Asks: 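Below you will find the structure I want to go over with you.
It should be emphasised that the depicted structure is a prediction, and the values quoted were computed from it without experimental measurement. Atoms considered below: every heavy atom in the structure, side chains included; atoms not considered: hydrogens, waters and symmetry mates.
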Number of protein chains: 2
Amino acid sequence: MATPLPRDPIADARLNWERHGWSDVAAPMAAITAIMRTQQILLARIEGVLKPFGVTFARYELLALLSFARSGALPMNKASSLLQVHPTSVTNTVDRLQSAGLVVRSPHPTDGRTTLIELTPEGHTLAKRATAALNAEVFAQSGFVDQDVDQLIGILGSFRRNAGDFS
Amino acid sequence: MATPLPRDPIADARLNWERHGWSDVAAPMAAITAIMRTQQILLARIEGVLKPFGVTFARYELLALLSFARSGALPMNKASSLLQVHPTSVTNTVDRLQSAGLVVRSPHPTDGRTTLIELTPEGHTLAKRATAALNAEVFAQSGFVDQDVDQLIGILGSFRRNAGDFS
DNA sequence: GCAATATACTAGGACATCCAAGGGTTTGGA
DNA sequence: TCCAAACCCTTGGATGTCCTAGTATATTGC
């Protein structure tokens, strides 16, 4: 890690907003900026834990999703909507996972447009181990106390619903 | 926007975690995943507002930072630490801003290693207009009620301090 | 004073994300 | 029936982020 800054840069930004007469939006600006930064910190931690497994977070997310699918396989577009990423991102991710032998593409039995993604045994094993590592090294040491975790889940859940993620 | 999903995918992931015996970390997992998704939603909104100005969020952040600097100029490494991004990202961003005529590089008067970044008049004007747009279209309509904004600022502020962002 | 160490920036490469566009497959209405 | 519209995936291009290395300049220690 780099040396901590002497002052919170987001609190400073908020002061700058207030000094410029934007007090009415200074607090939401600070909250949103804090979310951006927190995401960056968390992503770096997660990527650090996954690095030994040879997968990135994007690839892990797809492996985890597949490992929970009842049939063990999912159409590309289903993965895209569940992971909330662009279809081209899924194509990119599947290409790399397939090169690594962790998933395979197979044609949909009835819809010629659709491609199914399926975990290989290696992919299944890796997903299991990577999940155990993330649970132990990231989620069990999130840096949030239980009460804050509940607050975040509630606040961000409402936000995501209002943003149109789900109904 | 895509059609909302019938169910919250993060709540489903949490259920999957609990079903697999990882109940102790299911809640933090859900909170962290929600932060990742929320960041993605907010970033998309911000980029949408900035698009007409021809800048991305990364470039806007640097312009805004420079616009608040007393001297009107900042060393590259200062910008890197304040924005909490890798020095090479700043190099990349400055390259593009400079090509667009929004900032200029100049040598540091006493330290030959250091490069100063400075806003051009065009950069200053654009920063002002883009900030007004973000204030009106994103921060003023954040989707968080005031109470939640305060909660987020508090919770994420503690998290960032513990993560070593500042002291 | 000079060599060793530290600091500042840049070049090249790997990844992820999105958008725009294209080609194949299905579906639905005339 | 049949063609247009809708849907699914992939390719190609632009951006941003990080990492590893390399070059240049400062600082430190002997």
Asks: Reading DNA chain C from 5' to 3', where do the contacts with chain A start and stop? Cut-off is 4.0 Å to heavy atoms.
Replies: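 Answer, 5' to 3': C/dC15 to C/dT26.
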Asks: A/Gly112 or A/Glu61: which one's nearest nucleotide on DNA chain C is closer to the 5' end?
Replies: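 First, find each residue's nearest nucleotide; the 5'-ward one identifies A/Glu61.
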Asks: Return whichever of A/Val55 or A/Arg113 has its heavy-atom-nearest nucleotide of DNA chain C closer to the 5' end.
Replies: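 Its nearest nucleotide lies further toward 5', so the answer is A/Val55.
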Asks: Let's see if you can work this out: which of D/dC8, D/dT15, D/dT17 has an atom nearest to the side-chain heavy atoms of B/Thr93?
Replies: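 Side chain of B/Thr93 sits closest to D/dT17.
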Asks: Counting any heavy atom closer than 4.0 Å, what does B/Val85 reach on the DNA or RNA strands: base, sugar-phosphate only, or nothing?
Replies: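 The residue B/Val85 makes sugar-phosphate contact but no base contact.
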Asks: Is any side-chain heavy atom of A/Asp12 closer than 4.5 Å to a side-chain heavy atom of B/Phe68?
Replies: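 With C-beta onward as the side chain, the pair stays apart.
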Asks: Quick check against the 3.5 Å criterion: does A/Ser142 have a side-chain atom that pairs as donor or acceptor with the backbone of A/Val138?
Replies: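 Looks like no, no N/O pair under 3.5 Å.
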Asks: B/Asp95 near the nucleic acid: base, sugar-phosphate alone, or nothing, with a heavy-atom cut-off under 4.0 Å?
Replies: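 No contact.
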Asks: Measure NE2/B/His86 against C1'/D/dT20 and give the value in whole Å, please.
Replies: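 So the two atoms are 9 Å apart, to the nearest Å.
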Asks: Need one value for A/Thr91: base, sugar-phosphate or nothing, where a base atom within 4.0 Å counts as base even if backbone is also close, heavy atoms only.
Replies: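 A/Thr91: base contact, heavy atoms under 4.0 Å.
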Asks: Calculate the interatomic distance between B/Leu83 atom CG and D/dC18 atom C1'; express it in whole Å.
Replies: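 To the nearest whole Å, that distance equals 15 Å.
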Asks: Rounded off to whole Å, could you give me the CG-to-C1' distance for the B/Asp111 and D/dT25 pair?
Replies: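 Computing the B/Asp111:CG to D/dT25:C1' distance gives 7 Å.
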Asks: Which residue lies toward the 5' end of DNA chain D, A/Gln40 or A/Thr114, if each is placed at its nearest nucleotide?
Replies: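 In this pair, the answer is A/Thr114.
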Asks: Report which part of the nucleic acid A/Asn92 touches: base, sugar-phosphate, or nothing (heavy-atom distance under 4.0 Å, all strands).
Replies: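 A/Asn92: base contact, heavy atoms under 4.0 Å.
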Asks: Just N and O in the side chain of A/Arg105: are any of them under 4.0 Å from OP1 or OP2 of D/dT10?
Replies: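 Affirmative; the distance criterion is met.
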Asks: Is there a side-chain contact between B/Met76 and B/Ile117 in this structure, where contact means two heavy atoms from C-beta onward sitting under 4.5 Å apart?
Replies: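 Side-chain contact under 4.5 Å: yes.
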Asks: CZ of B/Arg19: more than 12 outside heavy atoms within 6.0 angstrom?
Replies: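 Enclosed.
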Asks: Send over the distance from B/Gln39 CD to D/dG16 C1', rounded to a whole Å.
Replies: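 After rounding, the reported distance stands at 12 Å.
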Asks: Of the options B/Leu65, B/Leu116, B/Leu119, which is the one that meets B/Leu74 in a side chain to side chain contact (heavy atoms under 4.5 Å, CB included)?
Replies: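 In the set B/Leu65, B/Leu116, B/Leu119, the residue that makes a side chain to side chain contact (heavy atoms under 4.5 Å, CB included) with B/Leu74 is B/Leu65.
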Asks: Once you round it to whole Å, what is the distance between P of D/dC18 and CD of B/Gln84?
Replies: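 These atoms are roughly 10 Å apart.
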Asks: By the 4.0 Å heavy-atom rule, please label A/Thr88 as base, sugar-phosphate, or nothing.
Replies: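 Base contact.
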Asks: Give the rounded distance in Å between these two atoms: NZ of A/Lys51 and P of D/dC19.
Replies: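 After rounding, the gap between these two atoms is 8 Å.
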Asks: Please check: side-chain N/O of B/Thr38 versus main-chain N/O of B/Ala34, any donor-acceptor pairing under 3.5 Å?
Replies: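 Judged by distance alone, yes, a pair lies under 3.5 Å.
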Asks: With a non-hydrogen cut-off below 4.0 angstrom, is B/Thr110 in contact with a base, only sugar-phosphate, or nothing?
Replies: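 Since only primed, P, OP1 and OP2 atoms lie under 4.0 Å of B/Thr110, the category is sugar-phosphate.
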Asks: What's the CE-P distance between A/Met76 and D/dC7, to the nearest Å?
Replies: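 The answer, rounded to whole Å, is 18 Å.
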Asks: Side-chain donor-acceptor pair under 3.5 Å between B/Trp22 and B/Asn16, yes or no?
Replies: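 Result is no, nothing qualifies.
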Asks: For atom CZ of B/Arg105, decide whether the heavy atoms of other residues, nucleotides or ligands shown that lie under 6.0 angstrom number more than 12.
Replies: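 Atom CZ in B/Arg105 is packed in, count exceeds 12.
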Asks: Expressed as a whole number of angstroms, how long is the span from B/Glu47:CD to D/dA14:P?
Replies: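 After rounding, the gap between these two atoms is 17 Å.
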